[in-house]
Amino acid sequence: AINFEGDVVATQIQLGNLIQNEMLGVLDMKLTATGSGSTLNDLDATLKATVDSLGFNDYTFKDLNLNGTFKNGEGNLASTYKDENLNMKLDASVSLDSIASTATVDLDFIGADLQALGLTGQNIKTAFTLKGYFKGVPEDYEIKSEINRGVAVYDNKAYQLGDLDIAAFVKPDTTSLDISNRILSLDLESNASPKQFLTAVQNHFKRYLDKNPTMDTIADPVLMKIRGSVHQAPILGEVFIPNLRELDTVDIAVDFDEYKRTLTADIELPYINYNGYTIDSLAIKIRSDKENMDFGLGLKELIAGPVDMQNTRLGGRVTNSMMYLDFLSMHDGEKLMHVLSKIMLEEDNIKISIDPEDFILNTKKWDINPNNSITLTESNTIFEDFIMSYKDQQIEAGNDLPGISKEHLGVSFTNFKLANIMSMLNPEESLASGKLSGQFAVEDPYTSPGMVLDLKIVDFEVVESNMGVLTATGN
């Protein structure tokens, strides 16, 4: 049987610290409740809660009331709140059940100042109605919600939010999520719970980091499918992301099959213009099977002020605790920069090396010691034979630079042309040029870091402005 009657007074409760949510502040509240019944299904109860004060995002809600009555497990909850920045009304019908309770919610946001409430940086006011339905328990539930008559006012101009429909269905062997709106569409389906399919995907990726991955039998293999898209709408570019001038439809597709040990993912962004900065034809792809995971990121053009990168991609493969990377930037059909590298996981250490094959900087093929490596340990970084050169230019990274007696990580330059790197950012116009010589080092990097600097750039130019000779020294 259930029997209770009592009054609770809470004062100066640090709610944010209690539930680890920095958005919440101090809570002062009073609660009066009485109830009786053999189970939740036939509970008779009344409750009256008054939140005297609640901090939220540097805003304080005062005198928020919630009243409820229940008869034979059926009841209603009601609340109204109004101050100068928020006007809302809540009505909810609740059916208590020891197995799966249900609730139908009607929430009317008559008006809200999102900036005053600390939810946005812009002066945005909004209003909408929400109808929601919930049935279940945390691990087995169904949710449906509809947001209608949504409007946002920004800079004295009204924007229609469009209807937003959300449906979620979660069981131990099923997950379904569907979101439909003029801006965002998302569909997720799986034959497992969210926790199960997230664990399965994590294990899928971990296998590639093992030198000898085991092929254990999977009792209940997970399947997952995601389809999504983001569309431009006036409210997106003018209200929520003010500097978003243009956005072509972004498409997202993910398929995972744990039994076949395959995962594919595609994200395509055809074009975006943010405050005059543009990206043309950005694509991200993942293809993985039992042996390998291949991935790639590429774009046709990126323009950001003086930066104008074209036809650049990063591709790679992960297998047996090794990652192979291939970075390539093209211009007018010619390789502008090309770097092949290998990253190995050796016990708790990471070892990186650059492949001397087709190592290109600023269209020129550079030489690099084939035995080069950088080893990252828990307490040190070790350079071995890390020397690259082209004619009279040279870069060397090491732990034994001349003139430095303490343990250090350092790089020395000899006649290194800045255009070798800067040309990738804009092959048509020089952003910075000159010849760099000298050395830079960090002493005692893992105990008491200190910098040693002795660099000189001759014939230094920035955006075709002659800067003469630049020297930098320090200890």
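For clarity, every value in this text was computed on a predicted model and none was experimentally measured.
Salt-bridge annotation for Lys171 and Glu142: absent, with no side-chain N of the basic residue lying under 4.0 Å from a carboxylate O of the acidic one. Salt bridge status for Lys225 with Asp255: absent, with no side-chain N to carboxylate O gap under 4.0 Å. The residues Arg261 and Glu291 are annotated as not salt-bridged, no charged nitrogen and carboxylate oxygen being separated by less than 4.0 angstrom. A salt bridge links Lys30 with Asp52: the closest approach of a Lys/Arg side-chain nitrogen to an acidic carboxylate oxygen falls below 4.0 angstrom.
Under the 3.5 Å distance criterion, the side-chain polar atoms of Gln20 are matched with a main-chain donor or acceptor of Asn17. Under a 3.5 Å cut-off, the side chain of Thr174 and the backbone N or O of Val170 do not form any donor-acceptor pair.
Within 6.0 Å of atom CG in Asp173, more than 12 heavy atoms from other residues, nucleotides or ligands are found, so the atom counts as buried in its surroundings. Other residues, nucleotides and ligands place no more than 12 heavy atoms under 6.0 Å from the OH atom of Tyr277. Arg227 CZ: more than 12 foreign heavy atoms inside a 6.0 Å radius. For Glu346, the CD atom is densely surrounded, since the number of other residues' heavy atoms within 6.0 Å is greater than 12. The 12-atom threshold is exceeded at CD1 of Ile19, counting heavy atoms of other residues, nucleotides or ligands nearer than 6.0 Å. Counting non-hydrogen atoms of neighbouring residues, nucleotides and ligands closer than 6.0 angstrom, the CZ atom of Phe4 exceeds 12 such neighbours. Environment of CD in Glu378: sparse, with no more than 12 heavy atoms of neighbouring residues, nucleotides or ligands closer than 6.0 Å. No more than 12 heavy atoms of other residues, nucleotides or ligands shown are found within 6.0 angstrom of CG on Asp220.
The side-chain heavy atoms of Tyr324 and Leu340, taken from C-beta on, include no pair separated by under 4.5 Å. Residues Asn72 and Asn41 are not in side-chain contact: their nearest non-hydrogen atoms beyond the backbone lie 4.5 Å or more apart.
Just one residue in the list Ile235, Val151, Ile147 forms a side-chain contact (heavy atoms from CB on, under 4.5 Å) with Leu161, and that residue is Ile235. Arg287 pairs with exactly one of Asp294, Asn292, Asp266 by the side-chain hydrogen bond (donor to acceptor under 3.5 Å, both in side chains) rule, that one being Asp266.
Interatomic distance, OG1 of Thr278 versus CD of Glu301, reported as 6.0 Å (0.5 Å rounding). Atoms CG and CD1, from Leu186 and Ile179 in turn, are 5.0 Å apart once rounded to the nearest 0.5 Å. In this structure, CG on Leu43 lies 7.0 Å from OG on Ser36, to the nearest 0.5 angstrom. Atom CG of Asp108 is separated from atom CG of Asp91 by 9.5 Å, given to the nearest 0.5 angstrom. One distance of note links CG of Leu299 with CG of Leu282; it measures 6.0 Å at 0.5 Å rounding. Leu345 contributes atom CG, which lies 6.5 Å from atom CD1 of Ile350 (distance to the nearest 0.5 angstrom).
The minimum heavy-atom distance between Leu40 and Asp97, with the atom names listed, is CD1-O, 4.2 Å. Across every non-hydrogen atom of Val222 and Gln196, the tightest pair is CG2-O, 4.4 Å. Of all heavy-atom pairs between Ala127 and Ile110, the closest is CB-O, 3.5 Å. When every heavy atom of Thr60 is checked against every heavy atom of Tyr81, the shortest pair comes out as O-OH, 4.4 Å. Contact between Pro427 and Asp308 at its shortest, heavy atoms only, is CD-O, 3.5 Å. The shortest heavy-atom contact between Pro221 and Asn191 is O-ND2, 3.0 Å.
Ring orientation note: the planes of Phe56 and Phe61 are tilted relative to one another, at an angle of 30° to 60°. Using the six-membered ring where Trp is involved, His204 and Phe256 have ring planes that are perpendicular, over 60° apart on the 30 and 60° scheme.
In summary, the side chains of Asn349 and Thr377 do not present any donor paired with an acceptor at a separation below 3.5 Å, with no hydrogens or angles considered. Side-chain contact of Lys125 with Asn123: a donor-acceptor pair under 3.5 Å is present, judged by distance alone. No side-chain donor-acceptor contact under 3.5 Å links Thr175 and Ser190. A donor-acceptor contact closer than 3.5 angstrom is absent between the side chains of Ser448 and Asp444. With hydrogens and angles left out, the side-chain atoms of His338 and Asp326 include a donor and acceptor closer than 3.5 Å. In this model, no donor atom of one side chain and acceptor atom of the other lie less than 3.5 Å apart for Asn148 and Thr129. Thr34 and Thr46 are linked by a side-chain donor-acceptor pair at a separation below 3.5 angstrom, with hydrogens and angles left out of the test. Inspection of the Ser329 and His331 side chains reveals no N or O donor paired with an N or O acceptor under 3.5 Å. No side-chain N or O of Tyr208 forms a donor-acceptor pair with one of Ser321 less than 3.5 Å apart. Judged purely by distance below 3.5 Å, without hydrogens or angles, the side chains of Tyr159 and Glu238 pair a donor atom with an acceptor atom. A donor-acceptor pair shorter than 3.5 Å can be found between the side chains of Thr50 and Asn65. There is no side-chain donor-acceptor pair under 3.5 Å between Thr120 and Gln115.
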For Leu164 and Glu146: C-alpha separation, side-chain torsions, deciding distance, then whether side-chain contact (heavy atoms from CB on, under 4.5 Å) applies. CA-CA 6 Å; Leu164 172 62; Glu146 298 178 2; over 6 Å; no
Trace of the side-chain contact (heavy atoms from CB on, under 4.5 Å) decision for Arg207 with Phe205: CA-CA 5 Å; Arg207 287 184 58 257; Phe205 285 120; over 6 Å; no
